[in-house]
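First up is the structure itself, then whatever we jot down about it.
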Amino acid sequence: MAPQALSWICVSLLVLLACSSCVAARGTRTPKTTDPTYGFKAVSLDESNFELQRPYDESSGSRYSFDGTVRKLWVLSSDKPHTRQSHTSPRTEIRMTGYDYSSGVWQFEGYGYVPSGTSGVSIMQVFGAGETATTLMLHVINGALRYYDRQVVEDNIYDRWFKLNVVHDVEASRLTVFIDGKEKLHVSGRGGDSHYFKFGVYAQNHDSSFMESRWKGVRILKKD
């Protein structure tokens, strides 16, 4: 074989090997983090949309603070309910108002923080269901974020900021939870004809004596 032809064959083989290596590298690359808000539009919010619920005999400043960026909510296991008539457990929660919904695809987004020691508490919920009060609750139990008191959504939740996205498709009766842009939970809804979002601390079973969560960047979005 002529030297020139042999050189062209060698060059072709080198190019082919290089292309194969590139394809293999792309195939093993870590998938990009999903943007759960793609296709959604944020609704307009101001402070009137953040309704505080706290023990009825406590002032707002004794269980809640907001510095313009971070909302800090805490409650004691010995506290009273949020109204005199209520027989529910202690809570300091923000009830998002103005955007109750019964159809469509809606989303809650926020950055949460749970200090170590807080346990037996709901930190976020989608209120409204058929035979139960809620369609979704996210509990913190001994450092893990759980779907109610069942499967783990995220381990090692203490003492760090995490981004939470909760998508509720009413017609499909499906809820999807993302932590830091990664899908962590996909569950069926629980019916109901009116829903809204809440976040904060709401004592559940085996609650710690002191419960706290912090939040920033809270948004509500609706699919176009």
Side-chain angles (χ1 to χ4, degrees), residues 31-45 49-51 53 71 73 82 86-89 91-112 114 120-141 144-155 157 162-207 213 215 217-224:
K32 290 183 179 179
T33 301
T34 303
D35 179 6
T37 66
Y38 181 78
F40 286 77
K41 183 178 180 180
V43 303
S44 177
L45 296 176
N49 300 113
F50 294 78
E51 179 185 287
Q53 297 179 346
R71 300 175 191 274
L73 306 98
H82 67 294
S86 176
H87 298 289
T88 58
S89 298
R91 73 180 78 195
T92 303
E93 288 186 301
I94 297 288
R95 189 267 207 234
M96 300 304 297
T97 65
Y99 293 100
D100 293 14
Y101 60 93
S102 57
S103 62
V105 185
W106 292 78
Q107 181 170 176
F108 171 92
E109 179 181 80
Y111 292 84
V114 181
V121 62
S122 169
I123 63 167
M124 188 272 167
Q125 58 176 297
V126 178
F127 193 84
E131 298 181 358
T132 57
T134 62
T135 290
L136 175 95
M137 294 184 84
L138 295 176
H139 291 186
V140 172
I141 302 174
L145 185 68
R146 292 179 176 267
Y147 171 63
Y148 291 91
D149 57 357
R150 303 168 196 173
Q151 66 257 47
V152 172
V153 177
E154 179 80 350
D155 275 320
I157 206 72
F162 58 92
K163 185 179 181 182
L164 172 67
N165 293 80
V166 177
V167 179
H168 186 192
D169 186 330
V170 179
E171 278 76 22
S173 190
R174 299 296 292 175
L175 295 106
T176 308
V177 176
F178 298 83
I179 302 293
D180 295 327
K182 297 178 182 178
E183 183 177 321
K184 294 289 188 170
L185 181 73
H186 196 60
V187 292
S188 298
R190 295 184 166 198
D193 55 11
S194 183
H195 306 278
Y196 54 83
F197 299 118
K198 302 182 78 175
F199 65 93
V201 278
Y202 177 23
Q204 303 297 310
N205 294 329
H206 309 294
D207 50 322
S213 70
W215 295 86
V218 170
R219 299 197 297 167
I220 293 177
L221 306 97
K222 188 177 187 302
K223 198 159 195 177
D224 291 336

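Numbers here are sequence positions counted from 1.
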From [X] [atom1] over to [Y] [atom2], what is the distance, rounded to the nearest 0.5 angstrom?
X	Y	atom1	atom2	result
Ile179	Lys163	CD1	NZ	11.0 Å
Lys222	Trp106	NZ	CH2	5.5 Å
Gln204	Ile123	CD	CD1	11.5 Å
Asn49	Arg95	CG	CZ	10.5 Å
Asp180	Asn165	CG	CG	9.5 Å
Lys223	His168	NZ	NE2	13.5 Å

- Message: Show, in sequence, the C-alpha distance, side-chain angles and deciding distance for Ile141 and His206, and conclude whether the side-chain contact (heavy atoms from CB on, under 4.5 Å) test is met.
- Response: CA-CA 9 Å; Ile141 302 174; His206 309 294; over 6 Å; no
- Could you please spell out the steps behind the side-chain contact (heavy atoms from CB on, under 4.5 Å) verdict for Leu175 and Val187? CA-CA 5 Å; Leu175 295 106; Val187 292; 4.1 Å; yes
- Please report the C-alpha distance between Arg174 and Ser188 in whole Å, then the side-chain angles of each, then the deciding distance to 0.1 Å, and finally whether the side-chain contact (heavy atoms from CB on, under 4.5 Å) criterion is met. CA-CA 5 Å; Arg174 299 296 292 175; Ser188 298; 2.7 Å; yes
For [X] against [Y], the heavy-atom pair lying closest together:
X	Y	answer
Ser213	Gly200	OG-O, 2.8 Å
Ser89	Ala203	CB-O, 3.4 Å
Gly120	Asp207	O-CB, 3.3 Å
Leu164	Val177	CD1-CG1, 3.7 Å

- Item | Glu171 atom CD: more than 12 heavy-atom contacts under 6.0 Å |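 Enclosed.
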- Residues, nucleotides or ligands: over 12 heavy atoms within 6.0 Å of Asp100 CG: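 Counting other residues, nucleotides and ligands, CG of Asp100 exceeds 12 neighbours.
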If only atom types and distance count, is the side chain of [X] paired as donor or acceptor with the main-chain N or O of [Y] below 3.5 Å?
X	Y	result
Gln125	Thr134	no
Tyr99	Ser44	yes
Thr135	Gly128	yes

[Y] side chain reached by [X] side chain, heavy atoms, under 4.5 Å:
X	Y	result
Leu221	Val43	no
His139	Asn205	no
Val114	Leu145	no
Glu183	Thr34	no

- Query: Can Arg71 be said to sit on top of Phe50's aromatic six-ring, NZ or CZ under 6.0 Å from centre and within 45° of the ring axis?
  - Reply: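 Yes.
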- Query: Is the Phe197 ring parallel, tilted or perpendicular to the Tyr101 ring (thresholds 30°, 60°)?
  - Reply: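 The rings of Phe197 and Tyr101 sit tilted, inter-plane angle from 30° to 60°.
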- Task: Specify whether Tyr196 and Phe127 have parallel, tilted or perpendicular ring planes, treating 30° as the upper limit for parallel and 60° as the lower limit for perpendicular.
- Result: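 Because their plane-to-plane angle is under 30°, the rings of Tyr196 and Phe127 count as parallel.
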- Set of ring-ring contact (aromatic ring centres under 6.0 Å, His included) partners for Phe178, sequence neighbours left out: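 In terms of ring-ring contact (aromatic ring centres under 6.0 Å, His included), with neighbours along the sequence ignored, Phe178 is linked to no residue.
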- Go through the structure and list residues passing ring-ring contact (aromatic ring centres under 6.0 Å, His included) with His82, not counting sequence neighbours.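 Listed in chain order: nothing, the list is empty.
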- Mind running side-chain contact (heavy atoms from CB on, under 4.5 Å) on Leu73 and Trp215 for me, showing each step along the way? CA-CA 8 Å; Leu73 306 98; Trp215 295 86; 3.9 Å; yes
